Protein chains: 2
Amino acid sequence: MENEPIRIALVDDHALFRSGIAALLKEFDDLMIVFEASNGKELQFLLPEHQPIHVVLMDIKMPGLNGFDTTEWISSNYPQTAVLALSMFDESTDIIKMLKAGAGGYLLKESSPEELYAAITTIHRDGFFSNELVSDKLIKSLKSGRHIEDWYEQYNLNQKELEFLRLCATELTYKQIAETMGVAERTVENYRQSLSEKLEIKNRVGLALFAIKNKLVSLGNETL
Amino acid sequence: MENEPIRIALVDDHALFRSGIAALLKEFDDLMIVFEASNGKELQFLLPEHQPIHVVLMDIKMPGLNGFDTTEWISSNYPQTAVLALSMFDESTDIIKMLKAGAGGYLLKESSPEELYAAITTIHRDGFFSNELVSDKLIKSLKSGRHIEDWYEQYNLNQKELEFLRLCATELTYKQIAETMGVAERTVENYRQSLSEKLEIKNRVGLALFAIKNKLVSLGNETL
DNA sequence: ATTTCACTACGTAGAAATACGTTTTTTTGG
DNA sequence: CCAAAAAAACGTATTTCTACGTAGTGAAAT
């Protein structure tokens with residue numbers, strides 16, 4: 001175990017911060033900082049030349065290529081390399097965006113050295129690292145996200161129109177939709193017309209997209 | 001604090017399990033089991049008559065109305081009432097479905113009484129309760145979800161067809177799509193035809209839905 | 001080397017589905 | 001009963017779907 005150190009890359013635009021982290025991690029002799037980069041572009045250049053890199057410590061806000069895009073690049077080009085996000089802020093949108101980009105964990109910069117060490121080793125072993133910060137934000141975000149079911153009052157849509165809207169996101173023709181809803185074909189045409197006025201949408205594809213966007217229909221593929 | 005106990009409802013189809021939990025929680029004198037129900041339907045009947053209920057302990061698999069739908073009903077009709085899911089299984093799909101339905105936490109039935117007590121008080125105080133089980137599953141689920149970018153080799157789609165597929169999920173007409181792609185209208189028609197054969201899709205709406213389902217297009221509204 | 005096959009691009013034509021403006025009938029609520 | 005809204009209708013234009021053909025290119029086959 002001890003003879004093969006975890007190879008780490010450090011990406012942050014503040015040189016002083018990088019030095020600090022480097023000094024901190026030098027205390028742990030199973031960690032090894034292989035290189036540092038001041039932004040994503042630099043990392044894209046350095047990463048291929050220093051393989052293997054096991055863990056990348058990544059800042060989010062950087063000039064040039066930012067943390068989100070850099071993380072995405074890493075996880076599609078070097079899927080074996082784990083990314084641990086380091087940030088000043090506990091913004092839930094930032095956290096979730098980083099995780100979706102492929103980061104395996106998220107740590108605040110005000111954490112203790114021991115926490116950082118634990119995060120690095122965990123993320124190297126399991127591919128991900130979770131702490132209270134991350135899980136709380138995730139759950140909270142899941143729990144909000146719902147409650148957006150008032151939008152259709154905004155547009156004055158009635159029950160029939162909603163049902164029609166749902167069926168628009170379907171391979172059914174209007175004729176079949178009319179049968180399904182138990183109304184005449186012409187009536188369905190009325191629904192389409194009033195909806196495209198109210199929602200300012202040009203055609204059926206637009207209606208389908210709208211229905212999905214507003215979660216009227218589930219495509220059954222929401223991993224999360 | 002102690003003079004106002006947390007009022008709890010217990011929903012599970014196994015009477016014996018309910019009795020066991022009830023006996024367990026009797027030890028904690030700041031908890032109070034107000035009523036028990038053997039499925040969601042029963043809860044819908046009993047909940048209004050026993051207000052307020054602070055926390056519902058909810059099984060997932062039940063005859064009649066299941067845990068998912070019941071949780072959804074509670075969180076839209078009694079948003080002040082927190083739901084703690086109790087399950088035998090640590091299936092990540094179950095966990096995520098319950099959380100999306102509005103549950104504030106997820107606990108395995110093999111947990112200890114102390115864990116259950118902690119979960120109940122936490123969920124009552126914060127509205128949610130997170131443990132390693134939940135956060136691990138959430139992060140793992142976020143980290144998968146990606147990596148499904150090989151499907152189009154399955155179907156032998158080329159670059160042009162992919163671009164066309166993306167544009168299908170758009171309000172553009174085929175004529176406009178042809179202009180965008182810089183090919184003849186008829187050629188675009190070929191793309192449509194070959195795609196509907198390869199993917200066994202009837203019409204353009206189907207293509208649009210497919211494009212979205214496979215994340216070729218982003219509707220920019222993914223809270224999570 | 002020529003053929004065969006697969007793939008890509010383009011053309012016409014007609015049928016089916018969808019879109020648009022307007023009007024009439026039916027339902028609904030006060 | 002009346003007024004307003006919903007449902008149904010007509011005619012026409014546009015878009016989308018389906019089916020039949022032509023042609024070039026490049027790779028594999030013989």
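This is a predicted model, so every value here is computed, not measured.
Within the nucleic acid shown, A:Glu189 comes within 4.0 Å of at least one base atom, counting heavy atoms only.
Within the structure, every side-chain polar atom (N or O) of A:Tyr174 is placed at least 4.0 Å from both OP1 and OP2 of C:dA16. The side chain of B:Arg186 places no N or O atom within less than 4.0 Å of a non-bridging phosphate oxygen (OP1 or OP2) of D:dG21. OP1 or OP2 of C:dA9 sits under 4.0 Å from a side-chain N or O of B:Tyr191.
In this structure, A:Lys198 places its NZ atom where more than 12 heavy-atom neighbours from other residues, nucleotides or ligands lie under 6.0 Å away. Annotation for A:Gln51: atom CD counts as buried by contact number, over 12 foreign heavy atoms lying within 6.0 Å.
Taking atom CG on A:Leu207 and atom C1' on C:dA17, their separation rounds to 15 Å, with Å as the unit. A straight line from CG of A:Leu167 to C1' of C:dA17 spans 16 Å, rounded to a whole angstrom. Between B:Gln193 atom CD and C:dT8 atom P the separation is 14 Å, expressed in whole Å. Rounded to whole angstrom, the span from the CD atom of B:Glu185 across to the P atom of C:dA13 amounts to 14 Å. Nucleotide C:dT8 holds its C1' atom 15 Å from the CG atom of B:Leu162, rounded to whole Å. Atom CD in A:Glu171 sits about 14 Å away from atom C1' in C:dA17, given to the nearest Å. Atom NZ in B:Lys202 sits roughly 18 Å away from atom C1' in C:dT18 (whole-Å rounding). Straight-line distance from the CD atom of B:Glu161 to the C1' atom of C:dT8: 10 Å, rounded to whole Å.
Taking only distance into account, the side chain of A:Asn190 meets the base of D:dA8 through a donor-acceptor pair shorter than 3.5 Å.
Distance from the side chain of B:Asn203 is smallest to D:dC17 among C:dA19, D:dC17, D:dA7. For B:Lys175, counting side-chain heavy atoms from C-beta on, the closest listed nucleotide (D:dC17, D:dT15, C:dC20) is D:dT15. The side chain of B:Arg204 sits closest to D:dC17 out of D:dC17, C:dT22, C:dT18. For B:Ala184, whose side chain is taken as the heavy atoms from C-beta onward, the closest listed nucleotide among D:dC17, D:dA7, C:dG11 is C:dG11. Across C:dA9, D:dT15, D:dA8, the shortest atom-to-atom separation from the side chain of B:Thr173 is found for D:dT15.
A salt bridge does not link A:Glu72 to A:Lys100: none of the charged nitrogens lies less than 4.0 Å from a carboxylate oxygen.
Judged purely by atom type and a 3.5 angstrom limit, A:Arg7 uses its side chain to pair as donor or acceptor with the backbone of A:Pro52.
With rounding to the nearest 0.5 Å, the separation of CD1 in B:Ile8 from CD1 in B:Ile6 is 6.0 Å.
Ranked by how close their nearest DNA chain C nucleotide is to the 5' end, B:Val188 and A:Arg192 are led by B:Val188.
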